[in-house]
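Working notes, beginning with the structure itself.
Atom set for the values below is all heavy atoms of this structure, side chains included, hydrogens, waters and symmetry mates excluded. Whatever order the structure lists them in is the order used to number ligands and atoms, beginning at 1. Keep in mind the model is a prediction, meaning the values are calculated, not measured.
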Amino acid sequence: MEKYIGIMSGTSLDGIDAVLVATDGERVTLLARTGSPFEPGLRRRLLALAGGDAVTARQWGELDAELGQAYAAVTLQLLHESGHSAEHIRAIGCHGQTVWHQPAGPLPFSLQLGDGNRLAADTGIIAINDFRRKDMALGGQGAPLVPAFHQRVLGGVDHVRILVNIGGIANITVLAPDQPVLGFDVGPGNMLMDLWARRHLGQPYDNNAAFALQGRVDTALLNRLLAEPWLALPAPKSTGRELFSEAWLNARLPVEIKPADVQATLAEFTATAIANEVDKWPAGELLVCGGGGHNPLLMQRLAALLPNWRVDTSNSAGVDMDAMEAMAFAWLAHQTMHNLPGNLPEVTGARRPAILGAIHLPG
Ligand SMILES: Nc1ncnc2c1ncn2[C@@H]1O[C@H](COP(=O)(O)OP(=O)(O)O)[C@@H](O)[C@H]1O
Ligand SMILES: [Mg+2]
């Protein structure tokens with residue numbers, strides 16, 4: 001077994017998750033996990049950039065460098081905490097911070113910041129990043145990339161097993177017996193709820209849904225949110241802050257509404273958009289991973305909307321819900337180092353499987 005480090009920082013912009021795994025490509029064992037929240041100033045600048053604010057080339061480059069440093073610092077922290085040193089690690093798979101994801105149109109692209117040169121130089125470990133653009137160069141969405149990993153660690157069961165990763169965006173992976181893996185984004189995850197919590201509570205998220213639980217679902221607003229045409233598009237599809245933005249929400253809010261009712265409605269919207277997709281398959285097991293799995297209201301609403309499904313977190317199937325995405329990028333690094341493909345064309349829509357990522361050597 002070789003050891004890899006995986007680093008994930010998702011669209012929630014909450015911070016960086018890092019894991020150390022041992023893998024032979026088939027089995028993936030979690031050895032250690034750590035994390036680090038974004039420093040508030042960095043978070044604010046990332047939010048502005050991801051919201052479409054204009055930045056200068058200099059600001060752009062500085063953010064790239066600063067993120068590269070932040071990824072390196074988390075890596076060193078992980079090595080320290082787990083008692084490993086750089087020479088034990090074959091490579092780092094670093095997702096980077098998405099600042100723009102545009103899978104459609106004449107010039108599709110997806111940009112993740114976080115200088116891999118710095119990550120390699122500061123840690124002394126091979127750093128692989130920029131995992132999405134090869135898939136896009138081959139006509140794919142560049143997303144989601146985690147389904148291949150989900151299949152590897154949670155596939156091969158005799159019933160329909162759907163994974164939903166509830167990060168900033170929610171994406172599902174459908175593992176059904178004797179069928180190709182399916183996976184696509186289904187809508188916002190925590191992103192809209194986080195935005196509203198920031199606006200009305202001054203907090204990064206609605207901790208344990210306390211604010212949402214004070215409100216009532218506004219059916220008219222819920223229906224307006226659910227009428228978003230993107231939700232009805234067929235897969236392959238992916239989305240991000242570019243669509244489900246503050247402007248998108250503002251355009252749908254009524255003039256008079258209690259903030260807690262908006263929070264309750266956003267939670268219901270998130271759960272409903274997920275459940276509507278899940279419900280298209282014969283009932284089985286729905287496993288939640290990502291930060292949304294810690295939101296008790298989301299979990300409760302998913303279970304209520306899917307009465308015939310067993311709804312639980314991925315922990316119940318033996319994979320740490322908070323480590324899943326970072327583990328996927330550690331595994332993707334393994335794939336790249338072994339000249340193996342990382343994407344699933346049936347998921348992303350790419351013309352063929354491809355070796356993903358840009359490799360930065362430390363030497
Ligand atoms: N106790 C909790 N109550 C409600 N929401 C939570 C809780 N813990 C985490 N979250 C949600 O999870 C999000 C982080 O999820 P994460 O999987 O890291 O997303 P991403 O991959 O986009 O970074 C937070 O922004 C928050 O919305
Ligand atoms: Mg996160």
NZ/NE/NH1/NH2 to OD/OE distance under 4.0 Å, [X] and [Y]:
{"X": "Arg133", "Y": "Asp130", "result": "yes"}
{"X": "Lys237", "Y": "Asp185", "result": "no"}
{"X": "Arg43", "Y": "Glu39", "result": "no"}

Hey, could you give me the [atom1]/[atom2] distance between [X] and [Y], rounded to the nearest 0.5 Å?
{"X": "Leu175", "Y": "Thr173", "atom1": "CG", "atom2": "OG1", "result": "6.5 Å"}
{"X": "Leu119", "Y": "Ile92", "atom1": "CG", "atom2": "CD1", "result": "4.0 Å"}
{"X": "Leu306", "Y": "Trp281", "atom1": "CG", "atom2": "CH2", "result": "12.0 Å"}

Considering only the protein, which heavy-atom contact is closest to [atom], and what is its distance?
{"atom": "atom 5 (N) of ligand 1", "value": "Tyr205 CD1, 3.6 Å"}
{"atom": "atom 13 (C) of ligand 1", "value": "Asn190 ND2, 3.5 Å"}
{"atom": "atom 23 (O) of ligand 1", "value": "Asp14 OD1, 2.9 Å"}
{"atom": "atom 19 (O) of ligand 1", "value": "Ser12 OG, 3.0 Å"}
{"atom": "atom 10 (N) of ligand 1", "value": "Gly291 O, 3.3 Å"}
{"atom": "atom 21 (O) of ligand 1", "value": "Gly10 CA, 3.6 Å"}
{"atom": "atom 8 (N) of ligand 1", "value": "His294 CB, 3.4 Å"}

Any N or O of [X] that comes nearer than 3.5 Å to an N or O of ligand 1?
{"X": "Asp194", "answer": "yes"}
{"X": "Met8", "answer": "no"}
{"X": "Thr11", "answer": "yes"}
{"X": "Asn207", "answer": "yes"}
{"X": "Ala209", "answer": "no"}
{"X": "Ser9", "answer": "no"}

For this session: Assess the side chains of Asn129 and His95: does a donor N or O sit below 3.5 Å from an acceptor N or O?
Result: no
Exercise. Among side-chain atoms of Trp100 and Gln102, is any donor-acceptor pair under 3.5 angstrom?
Worked result: yes
Backbone N/O of [Y] and side chain of [X]: donor-acceptor pair under 3.5 Å:
{"X": "Thr313", "Y": "Met321", "answer": "no"}
{"X": "Arg161", "Y": "Gly284", "answer": "no"}
{"X": "Asn343", "Y": "Ala354", "answer": "yes"}

With heavy-atom distances below 4.0 Å as the criterion, list the atoms of ligand 1 near [X].
{"X": "Gly168", "answer": "19 (O), 20 (P), 22 (O)"}
{"X": "Gly290", "answer": "17 (O)"}
{"X": "Asp206", "answer": "3 (N), 4 (C)"}

Exercise. If you measure from each non-hydrogen atom of Asn208 to ligand 1, which part falls under 4.0 Å: side chain, backbone, both or neither?
Worked result: both
Exercise. What part of Asn165 sits under 4.0 Å from ligand 1 if we count only heavy atoms: the side chain, the backbone, both or neither?
Worked result: neither
Exercise. Of all N/O/S atoms in Asp14, which lies nearest to the Mg ion (ligand 2)?
Worked result: OD1
Problem set entry | Shortest non-hydrogen contact between Arg198 and Pro204, atoms and distance | NH1-O, 4.5 Å
